[in-house]
Amino acid sequence: MFFRDKVRGDSRYLSDGSAIKGHARYVILPNDETELREGIRYANKGNTKVTIAGNRTGGRGGAVPSGGDIMSMEYLRGVVGVGKDSNGIFVRALACTSVSTFNEMVANSKMDVISKPFEEDYRSMRFPVNASPSSTVGGCIAVNRSDIRRYVRSIRVVFSDGTFTTIKRGESFADGRNMVLVAGRNYFSFNLPSYTSDGVVGPKIEEGMDVIDLFIGSEGLFGIITEADIYISEDVAEGITNESGKMENHQIKDRYGQKAVDEIIRIKSILDPNYILNVGNLI
């Protein structure tokens, strides 16, 4: 059973790295994904808005609630293991694992091997993009921190009704502008927006796109990322980050127009019919 606690006016859950302060009724504190799914089903049933929050280090109010409940990911942290495929060595981590913890585990080789054979010494490798030590894996993916997109091998996503799926890069693509996504008992089929984007602002949108790229950079609009495989690197890449949060949620409209916003809302209404997830971010 998930834990749900009343939020006081001076609660740390009402702010992040921005200058704004929000309000909320309760904070949900799941210990694992099962409890998270129970909590999100509970919120969805009551049509309660849910703000997804990690370490709350963002600077644009993305983790600041505007009413409803807060889904704090703080206990979903830790490194599951290390593996290798044809594209390189990857680390599987829970969403609220900080970059500092991620790098510490890699440097100390304190990880289980999740793909065999595996004999490489990866101790000199690191989290692949520039991010603050307190930033989380899930948060970096949500805002496409320093263009982390190209290092994301797979993600596990929980939807607003509690169903879930694992999406691995290179396994599922849109057919032109039509995208199909299966999650538990759900079968989602929808047309992608008509505009094309490079993924610097919001999700990457293009014909034949990889399904995984719809969730990277989407700031929690479509689902909750609970786990990810991240390719590690000898070098730390620099890149642009355009976090929107609730302070700059006009960016898609400014860059691509109101029609683009309307089309993102249309997809959200399919993946999150009650419109409960991170309302105010991006759109």
Side-chain angles (χ1 to χ4, degrees), residues 12-18 20 22 27-30 33 36 40 50-65 70-80 91-105 126-158 167 199-204 212-232 236-249 251 277-282:
R12 61 190 173 94
Y13 295 111
L14 298 180
S15 60
D16 62 2
S18 68
I20 63 176
V27 57
I28 301 170
L29 294 159
E33 187 187 283
L36 183 148
I40 202 68
V50 178
T51 298
I52 307 156
N55 283 354
R56 304 182 310 283
T57 58
R60 295 293 181 268
V64 177
I70 303 159
M71 178 68 74
S72 177
M73 306 287 285
E74 61 195 89
Y75 297 136
L76 277 77
R77 59 191 177 197
V79 172
V80 177
V91 171
R92 183 168 299 166
L94 300 183
C96 209
T97 306
S98 68
V99 171
S100 61
T101 297
F102 185 103
N103 284 336
E104 180 183 351
M105 294 294 288
R126 294 292 181 270
F127 193 73
V129 301
N130 185 30
S132 70
S134 57
S135 293
T136 65
V137 171
C140 288
I141 296 171
V143 301
N144 192 28
R145 179 74 60 196
S146 298
D147 195 23
I148 196 174
R149 183 185 310 278
R150 62 190 184 277
Y151 297 103
V152 181
R153 176 181 184 264
S154 70
I155 55 175
R156 187 173 172 92
V157 181
V158 173
I167 305 170
V200 173
V201 174
K204 186 176 182 180
I212 197 172
D213 287 323
L214 184 67
F215 296 89
I216 300 170
S218 67
E219 299 194 25
L221 281 180
F222 305 130
I224 305 172
I225 296 172
T226 60
E227 181 182 282
D229 287 354
I230 305 293
Y231 289 108
I232 54 178
V236 177
E238 300 283 345
I240 298 172
T241 302
N242 275 286
E243 180 184 353
S244 297
K246 295 172 178 64
M247 294 180 68
E248 296 187 11
N249 58 2
Q251 292 189 61
L277 294 175
N278 269 33
V279 178
N281 292 6
L282 273 180

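The structure displayed is predicted, hence computed values, not measured ones. No hydrogens, no waters, no symmetry mates; every other heavy atom, side chains included, goes into these values.
Note that CG of L94 is 13.0 Å distant from CD1 of I225, once rounded to the nearest 0.5 Å. Between atom CG of residue N103 and atom CZ of residue R126 there is a gap of 5.5 Å, rounded to the nearest 0.5 Å. In this structure, the separation between SG on C96 and CG on N55 is 4.5 Å, given to the nearest 0.5 Å. In this structure, OH in Y75 is found 5.5 Å from CG in L29, a value given to the nearest 0.5 Å. The distance from the CZ atom of F102 to the OG1 atom of T97 is 8.5 Å, given to the nearest 0.5 Å. I155 contributes atom CD1, which lies 6.0 Å from atom CZ of F215 (distance to the nearest 0.5 angstrom).
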Give the C-alpha distance, both sets of side-chain angles, the deciding distance and a yes or no for salt bridge (charged side-chain N to carboxylate O under 4.0 Å, His left out) between R60 and E243.
-> CA-CA 7 Å; R60 295 293 181 268; E243 180 184 353; over 6 Å; no

Stepwise salt bridge (charged side-chain N to carboxylate O under 4.0 Å, His left out) check, R56 with D16 = CA-CA 5 Å; R56 304 182 310 283; D16 62 2; over 6 Å; no

Quick one: do T136 and M73 satisfy side chain to side chain contact (heavy atoms under 4.5 Å, CB included)? Show the steps, please.
-> CA-CA 10 Å; T136 65; M73 306 287 285; over 6 Å; no

Take E74 and R12 through the salt bridge (charged side-chain N to carboxylate O under 4.0 Å, His left out) test and state the conclusion after the steps.
-> CA-CA 13 Å; E74 61 195 89; R12 61 190 173 94; 3.2 Å; yes

Take Y231 and Y151, measure what ring-ring contact (aromatic ring centres under 6.0 Å, His included) needs, and give me the verdict at the end.
-> CA-CA 5 Å; Y231 289 108; Y151 297 103; 7.9 Å; no

List the steps, then state whether side chain to side chain contact (heavy atoms under 4.5 Å, CB included) holds for F127 with I230.
-> CA-CA 8 Å; F127 193 73; I230 305 293; 4.3 Å; yes

Please step through side chain to side chain contact (heavy atoms under 4.5 Å, CB included) for the pair M71 and I40, ending with a clear verdict.
-> CA-CA 8 Å; M71 178 68 74; I40 202 68; 4.2 Å; yes

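Of all heavy-atom pairs spanning A131 and V99, the tightest one is CB-CG2, 4.1 Å. Minimum interatomic distance between S72 and V27 (heavy atoms only, all atoms of both residues): CB-CG2, 3.9 Å. The nearest pair of heavy atoms linking L282 to P203 is CD1-CD, 4.3 Å. Annotation for G62 and T51: closest pair O-CG2, 4.0 Å, computed over non-hydrogen atoms. What you find for V129 and R145 is that their closest heavy atoms are CG2-O, 3.6 Å. Nearest heavy atom pair, residue S18 against residue M247, reads CB-SD, 3.5 Å.
Side-chain contact between K246 and N281 is present, with heavy atoms from C-beta onward closer than 4.5 Å. Contact of the T101 side chain with the R77 side chain is not registered, since no non-hydrogen atoms from C-beta on lie closer than 4.5 Å. Side-chain contact between L76 and P30 is present, with heavy atoms from C-beta onward closer than 4.5 Å. Proximity of I70 to V50: side-chain heavy atoms (C-beta onward) are nowhere separated by under 4.5 Å. Here the side chains of D147 and I240 are not in contact, with every heavy-atom distance at 4.5 Å or above. Within the 4.5 Å cutoff, the side chain of V137 has no heavy atoms near those of the C140 side chain. Looking at heavy atoms from C-beta onward, L277 lies in side-chain contact with I224 at the 4.5 angstrom threshold. Residues E227 and V80 have side chains in contact (heavy-atom distance under 4.5 Å, counting atoms from C-beta outward).
With E219 contributing its side chain and G245 its backbone, the two residues share a donor-acceptor pair below 3.5 Å. Panel note: side chain N278, backbone I52; a donor-acceptor pair is recorded below 3.5 Å. In this structure, N130 contributes its side chain and A237 its backbone to no donor-acceptor pair below 3.5 Å. Distance alone, capped at 3.5 Å, is enough to place a donor-acceptor pair between the R149 side chain and the D213 backbone.
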